[in-house]
Amino acid sequence: SAVISQKPSRDICQRGTSLTIQCQVDSQVTMMFWYRQQPGQSLTLIATANQGSEATYESGFVIDKFPISRPNLTFSTLTVSNMSPEDSSIYLCSAGGLNEKLFFGSGTQLSVL
Amino acid sequence: EDQVTQSPEALRLQEGESSSLNCSYTVSGLRGLFWYRQDPGKGPEFLFTLYSAGEEKEKERLKATLTKKESFLHITAPKPEDSATYLCAVINAGNNRKLIWGLGTSLAVNP
């Protein structure tokens, strides 16, 4: 199993600003992902964080809005850029190995005013 | 289109009252079906993976089963600490690593 530390746990931000969320895994993992969870909706995959290369984004998500870094096998960041109230959501970091079982961080509750 | 539907949306049980949660799926070849538990303010916690019809997995008061169209999460004699949202997700055979999630069932167990 893997333990994932995610921070901040929550934040309240002003419109037009950016927030960077950090995700630290306690062991080397093959895959790292970023999800968004909004009330009444299923978990939505934002992107796959690739170690040492550009992230792979899902339809509807772009690098300019959600830049992602993964400098090594245990750490990744997600930035939510130029925020608007529509970006208010829970953002989740997850990680897994080849068996596709995912472990999740506790999430970042983001509110944009 | 691949799809996961969970029912009921919400379920309220008395302590000790057994019940089942349903996860119906439509995928072009199932690679795996996953059950997670999510407590308020926390990320999903892995419970089970099922790979083929007829497979069953158990953990304490929970048992997950799988058919070719759906999965059930059976909760036997639940306790208040079983209160949580239970999420189901699938991976199809042609789209590794991208889980398709249901909306979840919110379970409340009253003492």
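Note on naming: letters A, B, ... go to the chains in the order of the sequence lines (proteins, then strands), and numbering restarts at 1 for each one.
Contacts between A/E58 and chain B at a heavy-atom distance below 4.5 Å involve the side chain alone, from C-beta outward. Contacts of A/L92 with chain B are made by side-chain atoms alone, with heavy-atom separations under 4.5 Å and no backbone atom involved.
Using a 4.5 Å heavy-atom threshold, the side chains of B/Y36 and A/L43 count as separate. By the 4.5 Å heavy-atom criterion applied to side chains, B/L99 and A/L45 are not counted as neighbours. Contact check for B/F46 versus A/F104: no side-chain heavy atoms found under the 4.5 Å cut-off.
How far CZ of B/F48 is from NZ of A/K101: 11.5 Å, rounded to the nearest 0.5 Å. The structure places CD of B/E45 at 10.5 Å from OG of A/S106, a figure rounded to the nearest 0.5 Å.
Both B/Y86 and B/L13 are part of a single hydrophobic cluster, where members link through side-chain heavy atoms under 4.5 Å apart.
For B/E9, the CD atom counts as loosely surrounded, since its 6.0 Å shell holds 12 or fewer non-hydrogen atoms of other residues, nucleotides or ligands. Heavy-atom neighbours of B/R61 CZ from other residues, nucleotides or ligands within 6.0 Å: above the threshold of 12. Heavy atoms of other residues, nucleotides or ligands lying less than 6.0 angstrom from NZ of A/K7 number 12 at most. Heavy-atom neighbours of A/I63 CD1 from other residues, nucleotides or ligands within 6.0 Å: above the threshold of 12. By the 6.0 Å contact criterion, CD on A/Q28 is open, its count of non-hydrogen atoms from other residues, nucleotides or ligands being 12 or less.
Minimum heavy-atom separation, B/G102 to A/S42: O-CB, 3.5 Å.
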